[in-house]
Amino acid sequence: MIRYIKYILYIAVTCQITAVSSHDHLLEGIYCGKVNCYDVLGVTREATKNEIAKNYRQLAKKHHPDLHRTEEAKKLAEEKFKEIATAYEILRDDEERADYDYMLDNPQEYYAHYYRYYRRRMAPKVDVRIVISVIITLISIIQYYSAWSKYDTAIKYFMTVPKYRNKALDIAKAEIKDQQGKKNKKSKAEQKEEQDRIIRRVIEENMDIKGAYAKPEVVDILWVQLIILPYTIVYYIYWYLRWFWKFTILKQPYGEEEKMYLIRKYMKLGKHQFNALDDEEKEEFLEEELWVKENFKVWKEIKDEEAKKALAENNKYKQYRRYIKQHGVGRMTFDDS
């Protein structure tokens, strides 16, 4: 008899431990807390989305706070309704349900479960692709209008330079004379504005502005560059293979384009920077044969010496050197100047 009682007590204790242990893997503060989300909705882990949704609708209708009259009943129903809604939100989402199932299967990974839960909660709900597209679009718009602003600044500058303004006036002389010859009641200010408009148009049509202040083109904006990126990559691969074949393997002489490329490479200038140089200056580079690296090194040393000499003869630079000699490196104040 005593042995039988001990056996019953052992089974009871074992069942109690098992019942407690079954809830140990449920963590407070995440998902459904210490309650199993599947039990809340009355479904198994193998339940489909349709079964989960069906049970949710039935339970939500049954425990809706508006169906209860007393305050106590409403309060209990509201808590139950929230519990049901939370369980449904977790189990209807495939990724969140997968995280929840992982927690049930791997109860020992406490910190990993908290991390997964709050990472999903804190992560932005907006599609990353949309965010990237908007950012690229904004950059493209700013890039395009910034280029137009620089181009407009360059045109306005050339309109104020007598050399270019007078040349534009000579080209548009007939049109300006025709405008002035018409019998109209335009004021002097309006006539001046009309003249500036004509001069601007002539400069835009005839002035080949290169470099950073060149007239912007749609192909230069970021969106278009990304679209044509595969073509650009293929083109550069072809260009370098062609270069290697013609000038490394076959030892063919360089053309003018190849010579200019080597000079720009040695000078460490970007394409726009190099294009902004005067044509006379580029002709000088070709005459000096600067595409030959040895010639470029000699030319660079000469230019560096000339720059140092010009700097040494500059009065402001001389004052700065005297100040450094007397006071050392530091901040110059008004009393020192």
Which of parallel (below 30°), tilted (30 to 60°) and perpendicular (above 60°) describes Tyr31 and Tyr117? perpendicular
Would Lys297 and Val292 count as a side chain to side chain contact (heavy atoms under 4.5 Å, CB included) if you check the C-alpha gap in whole Å, the side-chain angles of each, and the deciding distance to 0.1 Å? CA-CA 9 Å; Lys297 287 181 179 178; Val292 180; over 6 Å; no
Tell me, do Ile30 and Arg116 make a side-chain contact under 4.5 Å, heavy atoms counted?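 Not in contact.
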Might you confirm whether atom [atom1] of [X] has over 12 heavy atoms from other residues, nucleotides or ligands at distances under 6.0 Å?
X: Lys215; atom1: NZ; value: no
X: Trp245; atom1: CH2; value: no
X: Glu281; atom1: CD; value: yes
X: Lys167; atom1: NZ; value: no
X: Glu193; atom1: CD; value: no

Taking all non-hydrogen atoms of both residues into account, name the closest pair between Arg45 and Asp101 and its distance.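 Looking at all heavy atoms of both residues, the shortest contact is NH2-CB, 3.4 Å.
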Which heavy atom in Tyr144 sits nearest to a heavy atom in Pro216, and how many Å separate them? CE1-CB, 4.3 Å
Do [Y] and [X] have ring centroids that are under 6.0 Å from one another?
X: Tyr261; Y: Trp239; value: yes
X: Tyr254; Y: Trp243; value: yes
X: Trp291; Y: Phe296; value: no

If you measure only the distance, is there a donor-acceptor pair under 3.5 Å linking the side chains of Arg57 and Tyr88? no
Out of curiosity, Thr137 OG1 to Ile130 CD1, how far, rounded to the nearest 0.5 Å?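 Taking OG1 in Thr137 and CD1 in Ile130, the distance rounds to 11.5 Å.
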